[in-house]
Amino acid sequence: MEEVVARAYGNVPLIQSWGMREPALNLPYTGSLSLTLDRLESTVRWQARRDLRHDELTVNDRPAAGAMGERLRGFIDLLRRCAGRTTPCAVSIATGRTSGIGATAATFAALALAGSVALELPTAPRQLSMLARRGTGSAARSVFGGFVEGVGGELGDGSDCYAEPLAPPAHWSLAALIAVVDATAPPADAHALKRSPFFPAWLEGHEDDLDAARAAVRARDLERLGGLIEHHCLKARAVALAATPAILGWAPGTVAVVERVRALRAAGQAVYFTLGAGPHVTALCPPDAAAAVAAALVETPGVARLICAAPGAGATVVQAA
């Protein structure tokens, strides 16, 4: 097709996958579980342009530059190689109103779909998730909406590493409040986590956490899921802090939000936190508690702003011509 527009949404981790057993293919050591959110939007427009000598790539109306620009161009080249095509393209990416939160996963999921449709590659969900994973591991899960499981796999070629839906967005009405902390996290060494003395224990208990999280999601049991994801992400932080070199990631505002969530729960609010490698914290609570939780979080020192979201949809084609 000459032009395709696709949209996808970012996700937040519930059960995390730390480290890569094969960084070149973004193959994780373990499985994962995430929640796709409706406010973390990325839209990709792919246009086949035979009049161009080179690709044109923009992100939010600016030429793509730096390391992310290189990653995006490499992924576009990968899509063309898979299709056996060489036609240049103009690709424009818009990351919505969230200033980059969740944008990487959403962008590569939308780019995988738009490019696959434009280049007439297979778009079966499992294949699409494996393709999106080549951009970034979390993009495999953003192919789907709602609660999504990432299957870690064992094979070296990645053919058993993909995402699959666990429960659709309508399964469980939850509010997800992302406290955007005024800080940036430097990139981490992909092999540093494996050098942590806590990494073997992390691997040993991971499957139990994943099993328990699946059951809690299916039962819509927030107390059970919330306690589990908090403990899980704190275990992940312990592994990272003991890595060589140490991976810090958090900021003073991160700790302040975590403590505020715990204080709210002690006061009777059903609210729980989760976060990945970066400093931003997501609080999960019932929708009828969202206003009170949001009011408390925006007043927390170090919080730059708040994104109020709900379970979102999977990647979709919104225009094809």
Side-chain angles (χ1 to χ4, degrees), residues 1-11 23-26 36-145 148 158 162-163 187 312-321:
M1 290 187 179
E2 295 299 310
E3 180 174 349
V4 179
V5 181
R7 182 171 297 137
Y9 299 87
N11 61 78
L25 297 176
N26 288 330
T36 302
L37 296 178
D38 63 354
R39 290 291 306 280
L40 308 184
E41 173 186 318
S42 187
T43 303
V44 172
R45 182 182 300 272
W46 180 299
Q47 295 174 301
R49 293 284 301 274
R50 293 171 181 80
D51 59 312
L52 296 177
R53 295 185 63 186
H54 305 286
D55 295 334
E56 291 183 354
L57 176 60
T58 61
V59 178
N60 295 330
D61 298 322
R62 296 183 178 183
M68 180 53 70
E70 292 180 9
R71 285 177 64 185
L72 290 166
R73 289 187 179 88
F75 191 69
I76 290 168
D77 287 340
L78 170 66
L79 292 171
R80 274 193 297 241
R81 287 198 303 273
C82 290
R85 306 281 187 91
T86 59
T87 304
C89 61
V91 174
S92 59
I93 299 166
T95 58
R97 299 162 291 178
T98 58
S99 299
I101 306 301
T104 303
T107 293
F108 279 107
L111 184 55
L113 179 56
S116 292
V117 173
L119 297 169
E120 300 179 313
L121 290 169
T123 57
R126 181 172 293 185
Q127 290 174 289
L128 191 63
S129 76
M130 288 193 289
L131 187 58
R133 187 202 73 231
R134 297 289 299 275
T136 188
S138 57
R141 300 191 302 267
S142 280
V143 168
F144 302 97
V148 184
Y162 50 83
T316 57
V317 173
V318 295
Q319 178 185 323

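Index from 1, following the sequence. Remember, it's a predicted structure, so these values are computed and weren't measured experimentally.
Among all heavy-atom pairs drawn from S42 and A110, the shortest one is O-CB, 3.8 Å. Smallest separation of non-hydrogen atoms from G115 and W46: CA-CE3, 3.5 Å.
For the pair R49/T87, no side-chain contact is recorded, criterion being any heavy-atom separation below 4.5 Å from C-beta on. Using a 4.5 Å heavy-atom cutoff, the side chains of L131 and Q127 are not in contact. Residues Q47 and E56 form no side-chain contact, since every pair of their non-hydrogen atoms from C-beta on lies 4.5 Å or further apart. With contacts defined as side-chain heavy-atom distances shorter than 4.5 Å, the pair D55/V91 does not qualify.
Exactly one of T43, T58, V59 qualifies for a side chain to side chain contact (heavy atoms under 4.5 Å, CB included) with I93. That residue is V59. Applying side chain to side chain donor-acceptor pair (under 3.5 Å) to D77 and the options R81, R73, R80 leaves one that passes, R80.
Going from atom OG1 of T316 over to atom CG of L113 covers 7.5 Å, rounded to the nearest 0.5 Å.
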Worksheet item: How far apart are the C-alpha atoms of Y162 and R133, what are their side-chain angles, what is the distance that settles it, and do they pass the side-chain contact (heavy atoms from CB on, under 4.5 Å) test?
Response: CA-CA 8 Å; Y162 50 83; R133 187 202 73 231; 5.8 Å; no
Worksheet entry | Full working for side-chain contact (heavy atoms from CB on, under 4.5 Å) between R50 and E2 | CA-CA 10 Å; R50 293 171 181 80; E2 295 299 310; 3.1 Å; yes
Worksheet item: What's the verdict on side-chain contact (heavy atoms from CB on, under 4.5 Å) for T95 and N60, showing C-alpha distance, side-chain angles and the deciding distance?
Response: CA-CA 7 Å; T95 58; N60 295 330; 2.8 Å; yes
